[in-house]
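Step one of this worksheet: look at the structure below.
Atoms within a ligand are numbered from 1 in the order they appear, just like the ligands themselves.
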Amino acid sequence: MVTQVRQEANVFQSAIQRLDLAAKHVDIAPETIDRLKRPKSLLEVSIPVRMDDGTLRVFTGYRCRHDDTRGPAKGGIRFHPDVSRAEVQALAFWMTCKCACVGIPFGGGKGGVIVNPKELSRLELERLSRGYMQQVADFVGPETDVPAPDVYTNATIMGWMMDEYSKINRKRTPGVITGKPIALGGSLGRDDATGRGAYYCIKEIEKRRKWNPKSIRVAVQGFGNAGQSVAKLLHADGYKIVAVSDSRGGICSDDGFDVPSLIKQKNESRKLQAVYCQGSVCELVPARSITNEELLELEVDLLLPAALENQISASNAGKIKASVMVELANGPTRIEADPILAERNVLVVPDILANAGGVTVSYFEWAQNRAGYYWSLEEVQEKLRKIMQAEFNAIYEIMEQIKTDMRTAAYVHALGRIGTALETQGTAEYFSGS
Ligand code: NAD
């Protein structure tokens, strides 16, 4: 038990260490860094759920508001057996940095429930989702803290939660949550926004490195929402997607996969299978089975971790062959792996930039809900492209100027914005009149 608590604490402690590394390059008051090392508030709730067989199960859930100086807290809700208090805090901290990194007016929040949703029926999942919202309804709101989907939660779940919040408050409040179904006030373009944001970053690297997509081999760890979207866009441009995986393991083919066929198969059968589909007929194609560990070490040019945290550590960072890694997952790289990757000249586009497309379109959704005026898909994608392109290039330039890695540069960029917001309220220097 003690070990578990210690390990839990490490996720958050390890996440905030990156602040100290970045602070060396920013003109920021030490008290500002101290403030960011602690979440503003953390709520733990018990959610009793009546199961289909009549029994009662009580689930544990969390909602953490890390910082809301730049705007309402913003961040997803995760349903996963490994959710913990420290993980939720780490994820909320990354959201504060991510929103600042891409310059959207939100702070950072995150929520989670300790559950394996695959074991629940649809009705049980609906009761759990509504039950979670009943417990956190005083804590969230369009002006305070705005949740969204994360691992193993989706648009349907967001729709249930929005409906529950609206019932509790006796007024329809679509702006309380983003990532909703379009029919309930969701934004066009939110479904593939995380993958698309990463794709826009990759297109900037393509220009800088003069890549020919056809000769670029790509491996994707985690073939869910984020992984599928980026793989689909890259495949359409001619990139060779040679390996993909999910929680049960992966498949690999030197010839590259037909990504739309893999997506169709995975979404219809819930199984990752090497197939080529024409219309509704799918045929198996030759491929090797690989483990998730093997996928990370494949001979590829571009590695896309799009699953969970802590996949790349000191023990496997030295074995990564890719020259570019774009982090769609939150926190896939442990802090000890960073210098090993830098030493090997692997360009790592960090999570707080690479996967910020999701929260950026969530911001668009929130803005549309509040205005009651909805945008076209082209408008959403164009606004997202402009933000991702500008922020990617700004961070790339900081990286070159201060001769550091791209992660530190992204934190420097984010800290500049968070620091300015916090410090306009006064620092020790201001109040002591010096
Ligand atoms: P998802 O639930 O749609 O997909 C997750 C995928 O990862 C699934 O295919 C699952 O089988 C697979 N997976 C789980 N454990 C794995 C393991 N150990 N090895 C390999 N694959 C594994 O979730 P998602 O929304 O695509 O999120 C994936 C990552 O992206 C998470 O880290 C999440 O925090 C991050 N992210 C998502 C969004 C978003 O908008 N969806 C935004 C920002 C960041």
Side-chain angles (χ1 to χ4, degrees), residues 11 15 74-83 87-88 90-95 97-99 101-102 104 108 110-112 116-118 147-158 177-180 186-187 189-198 201 219-232 243-251 262-263 265-267 269-273 290-296 303-312 316 326-333 349-365 384 388:
V11 193
K74 184 87 194 76
I77 299 168
R78 180 173 290 197
F79 282 0
H80 195 276
D82 296 339
V83 162
E87 184 191 61
V88 168
L91 288 161
F93 162 74
W94 284 321
M95 288 307 297
C97 299
K98 193 182 302 182
C99 294
C101 187
V102 289
I104 58 175
K110 204 80 182 191
N116 182 356
K118 293 178 191 168
D150 191 68
V151 174
Y152 296 155
T153 54
N154 57 21
T156 308
I157 293 175
M158 297 304 112
I177 208 159
T178 60
K180 301 178 293 294
S187 174
R190 176 62 185 87
D191 51 351
D192 74 348
T194 303
R196 185 171 286 275
C201 293
V220 187
Q221 188 201 40
F223 204 54
N225 173 306
Q228 289 182 11
S229 311
V230 69
K232 191 173 164 188
V244 296
S245 67
D246 67 11
S247 57
R248 284 174 278 196
I251 46 176
L262 294 190
I263 294 177
Q265 180 73 11
K266 164 93 185 161
N267 295 345
S269 69
R270 291 185 156 203
K271 271 199 210 128
L272 188 57
Q273 260 186 319
I290 50 169
T291 63
N292 268 299
E293 294 72 37
E294 285 168 338
L295 180 140
L296 297 172
L303 177 62
L304 305 178
L308 296 174
E309 303 90 87
N310 295 335
Q311 299 298 303
I312 297 132
N316 62 357
V326 178
E327 297 180 336
L328 283 102
N330 284 307
T333 308
V349 183
D351 47 6
I352 61 167
L353 169 66
N355 70 31
V359 72
T360 303
V361 177
S362 273
Y363 163 50
F364 297 161
E365 180 174 333
L384 174 64
M388 295 306 299

Do side-chain atoms of Asn154 reach the backbone of Ile157 as a donor and acceptor pair under 3.5 angstrom?
yes
I need the atoms of ligand 1 closer than 4.0 Å to a non-hydrogen atom of Arg190, numbered in the order shown.
40 (O)
Backbone or side chain, does any N or O of Thr194 fall under 3.5 Å from an N or O of ligand 1?
yes
Side-chain heavy atoms of Leu308 within contact of Arg78, under 4.5 Å:
yes
Side chain to side chain, Val361 and Arg196, heavy atoms closer than 4.5 Å:
no
Mind listing the closest non-hydrogen atom pair of Ala226 and Thr194 along with its distance?
CB-CG2, 4.0 Å
Any sub-3.5 Å donor-acceptor pair from Glu365's side-chain atoms to Tyr363's backbone N or O?
no
Minimum distance, heavy atoms only, to atom 14 (C) of ligand 1: which one of Pro305, Pro332, Ala198, Ser247 is it?
Ser247
Between Ala307, Ala226, Gly331, Ser245, which one has a non-hydrogen atom sitting closest to atom 31 (C) of ligand 1?
Ala307
Under 4.0 Å to a heavy atom of Asp246 - the qualifying atoms of ligand 1, by number:
9 (O), 11 (O), 20 (C), 21 (N), 22 (C)
Show me which atoms of ligand 1 lie under 4.0 Å from any heavy atom of Gly224.
3 (O), 4 (O), 6 (C), 9 (O), 26 (O)
Determine, using heavy atoms of Gln228 and all atoms of ligand 1, whether some pair is separated by less than 4.0 Å.
no
Ligand 1 atoms in contact with Ala329 (distance to a heavy atom under 4.0 Å):
29 (C), 30 (O), 32 (O), 35 (C)
Gln311 backbone acceptor or donor facing Asn316 side chain under 3.5 Å
yes
Just to confirm my output: which protein heavy-atom neighbour is closest to atom 23 (O) of ligand 1, and how far is it?
Val151 CA, 3.8 Å
Give the intermediate values and the outcome of side-chain contact (heavy atoms from CB on, under 4.5 Å) for residues Ile251 and Gln273.
CA-CA 7 Å; Ile251 46 176; Gln273 260 186 319; 5.9 Å; no
Any Glu309 heavy atom less than 4.0 Å to ligand 1
no
Atom indices of ligand 1, in the order listed, that fall short of 4.0 Å to a heavy atom of Asp150:
33 (C), 34 (O)
Using a heavy-atom cut-off of under 4.0 Å, does the side chain or the backbone of Leu328 touch ligand 1, or both, or neither?
backbone
Any idea which part of Phe223 is under 4.0 Å from ligand 1, heavy-atom wise: side chain, backbone, both or neither?
backbone
May I ask you to identify, for Asn355, whether its side chain, its backbone, both or neither come under 4.0 Å of ligand 1 on a heavy-atom basis?
both
Could you check whether any side-chain heavy atom of Arg248 comes within less than 4.5 Å of a side-chain heavy atom of Leu272, counting everything from C-beta outward?
no
Say whether Ala306 and ligand 1 are in contact under the criterion: heavy-atom distance to a ligand atom below 4.0 Å.
yes
Please answer whether the main-chain N or O of Asp351 pairs with a side-chain N or O of Glu327 as donor and acceptor at a distance below 3.5 Å.
yes
Test: Lys110 and Asp150 ion pair at under 4.0 Å:
yes
